[in-house]
Amino acid sequence: MDPSIFLPYSPPNGLPQESKLATYMNRSTSTPTRALGQTLAKLGLEDSPTFTKKILIGDFVPMNYFGPPSVMPESPENSPPNTMMIPPSTPQVHQENVGGTTYFYSSDSMNSSAGLNASAGQASSFAMGGDECLAGGVPSPYATQMYQPTPPPMHLTAKPGLAASFYMPDTIRAEVYQRNEDVFLTTDLRQYPDLPEAVEMYAELTPLESAAPHALATSFRATHRRSAEHYALRRLHNHSGAVSKRLEVWKKIDHPNVVKLHEIFSTKAFNDHSLVLVYDYHPGSVSVQQKYLGGGGGAAGGDTYDPFSNDPDAPRPYTHQKNAMLRAVAHGALLPEAELWSLLVQLTAALRAIHHAGLACRSLEASKVVVSGCRVRVAWAGAADASPAPHSDIGQAQQEDLRALGRLALSLCVRSPTCDLPAAMERVARTYSADLKNLILYLLSTSPARRSVTDLMPMIGARFYTQVEALQRRADVIETQLAREADNGRLLRILLKLGAVNERPELNMDASWSETGDRYMLKLFRDYLFHSVTADGRPWLDQAHLAHCLNQLDAGSPNLVELMSRDEQSVLVVSYAELKHCLDAAFEELMLAAPPS
Ligand SMILES: Nc1ncnc2c1ncn2[C@@H]1O[C@H](COP(=O)(O)OP(=O)(O)OP(=O)(O)O)[C@@H](O)[C@H]1O
């Protein structure tokens, strides 16, 4: 621990009196004896030549480390369990004056092998009552000291280091923000005065696309009125016929590459007889059509070219050599083969699940496949099956699904929604691997022989493993981030508690509540955390140190910390376990005083 943390601190506007520390120290003598003092009482201070005098104070140790404050034992009979092997003895708290500064500590503090500046890594079997104490009283199913290691010291201003150690990489953050933006940036619904306020249990209907005047179907994002979850609704206009029983089978399909159908209902809320299909909403999704075949980067985009153009001035890719093709990939005019395989592997996985369920997709086209991040999903699955007739031959519909996948793959290869088949195949042959060409040819085949989606597996071959490996690598990165964010969440909760307690002007008509008793320790701890200064009085900011201290507080570690009063006359030597107990007790008091939520 940096020694500067103990340097004198002189706040500009007035200091609390030292008597506040004394208030804390002189709390009611009826306070029951607690484990810390009991266990450590036998340890003497004589070993330390630095200290000049020793005073016994009866009630230094905060109450009960073994249960929530509301069930705090008030008598020796309720003392910590015998399994703790704590010899009953009088707690000892010592007060020492060294160079004009008074130190308060319990004798066990001196026994800590790590001394006053013990670190988490040095956590010894300090007599705080074992692991139960580390959990701060409430038994926990996991080891509370298991948190991310403290990163090396760094200053709050050192942004690059901070970003790497405490925050998620920009790539993941961008993905998360994109999704949040989709969900949190609300559309002004006054733009859509004709939309009903709610349809069954779904409100805040926001169109997902601008509907054509005589559209047969429209899609919305909506919020479930009870759960507040977002859903994607597909409204089939004027659907007066019967509803196919197949939709019940579609509802059972739960696959990572198929958008899940949850419920179906008919409604007159749109002033007609509409059928509404309710799907999972995947924020930030764009259709394959939008992402690859239209708009920026696609064939319809700026720097791409149509290889089948009749315009004599158009670039003629047929005459280009391999490097021209590579340039086209680099500029986004062509999709890298790996990306194509990723799309195809995911779509074949979706088709496999759908066909195995005895269904057919019937709508596998670029506008009905959505992409979010690296995930590809078949959207509005089952919507084409809403009416019972006329799609009766499932086998034939499944064959048509394969052909639709072939057409989609070919469109992606040439980055154009429409293309001349022979010319497009020629281009695929020149640009991509033979495996990809053969897969597309197989899919587009019109031969009467029945094909199955599982036949595609040998053609996909080892590329399947590449996909699995890529997904696992991504999962690894996200798991690492999750662990970090879980720690950040934990630290935020503890900061929220500290913030609610520190400097509270009054509680239950007691204006001195936050300045006395346990709360005073917490105030000094807050000063220690946030208001430390360097030798020349400048703020000492080290986020690694802050995280380390908060982690120790959360874990209720037995390591010790020196808290100096603002007038620099007193130093309180306490363990994080004590501080944790103080925080839990103070927050519990606040909770009891708060109105029920
Ligand atoms: N489950 C979903 N979650 C989030 N967004 C989705 C979902 N399904 C589709 N979308 C998005 O909704 C938008 C509109 O989809 P929709 O299928 O209505 O488009 P469309 O091309 O206008 O088709 P149509 O003319 O048949 O309605 C697309 O941009 C698509 O990315």
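Just follow the structure's listing: the first ligand is 1, and inside any ligand the first atom is 1. The structure presented is a predicted model; accordingly, all values stated were derived computationally and were not measured.
The residue Gln289 has no part lying near ligand 1, judged by heavy-atom distances below 4.0 Å. Counting heavy atoms closer than 4.0 Å to ligand 1, residue Tyr279 contributes nothing at all. The part of Val370 lying near ligand 1 is the side chain, judged by heavy-atom distances below 4.0 Å. At a 4.0 Å heavy-atom cut-off, ligand 1 touches Gln290 through the side chain alone. With a 4.0 Å cut-off on non-hydrogen atoms, Lys368 touches ligand 1 through its side chain and not its backbone. Looking at Asp280 against ligand 1, only its backbone comes within 4.0 Å, counting heavy atoms. Only the side chain of Ala232 comes within 4.0 Å of ligand 1, counting heavy atoms alone; its backbone N, CA, C and O stay farther away.
A side-chain donor-acceptor contact under 3.5 Å links Asp455 to the backbone of Ser452. When atom types are taken as modelled, the side chain of Arg234 and the backbone of Ala383 share no donor-acceptor pair closer than 3.5 angstrom.
At the shortest separation from atom 3 (N) of ligand 1 among protein heavy atoms lies His282 N, 3.0 Å. Nearest protein heavy-atom neighbour of atom 18 (O) of ligand 1: Ser219 OG, 2.3 Å. Here the heavy atom of the protein found nearest to atom 14 (C) of ligand 1 is Glu209 CG, 3.2 Å. When hydrogens are left out, the protein atom nearest atom 9 (C) of ligand 1 is Trp380 CZ2, 3.5 Å; that is the closest non-hydrogen contact. In this structure, the protein non-hydrogen atom closest to atom 27 (O) of ligand 1 is Arg234 NH1, 3.0 Å.
For the 3.5 Å distance criterion, the side chains of Thr223 and Glu204 qualify, holding a donor opposite an acceptor. Looking only at atom types and distance, the side chain of Gln346 has a donor-acceptor partner in the side chain of Ser342 under 3.5 Å away. Ser433 and Asp435 share no side-chain donor-acceptor pair at under 3.5 Å. No side-chain N or O of Asp272 forms a donor-acceptor pair with one of His237 less than 3.5 Å apart.
Using a 4.0 Å cut-off between a side-chain N of Lys or Arg and a carboxylate O of Asp or Glu, Asp487 and Arg484 do not qualify as a salt bridge.
Here the two rings, on Tyr279 and His262, have centers that are 6.0 Å apart or farther. Aromatic rings from Phe270 and Phe220 are positioned such that their centres are separated by under 6.0 Å.
Counted within 6.0 Å of OH on Tyr177, heavy atoms from surrounding residues, nucleotides or ligands total 12 or fewer; the atom is thus considered open.
Close approach of ligand 1 to Val259 (heavy-atom distance below 4.0 Å) involves ligand atoms 1 (N). Close contacts of ligand 1 with Ser367, meaning ligand atoms under 4.0 Å from a residue heavy atom, involve 17 (O), 21 (O). Residue Val286 approaches ligand 1 through these ligand atoms, each under 4.0 Å from one of its heavy atoms: 31 (O).
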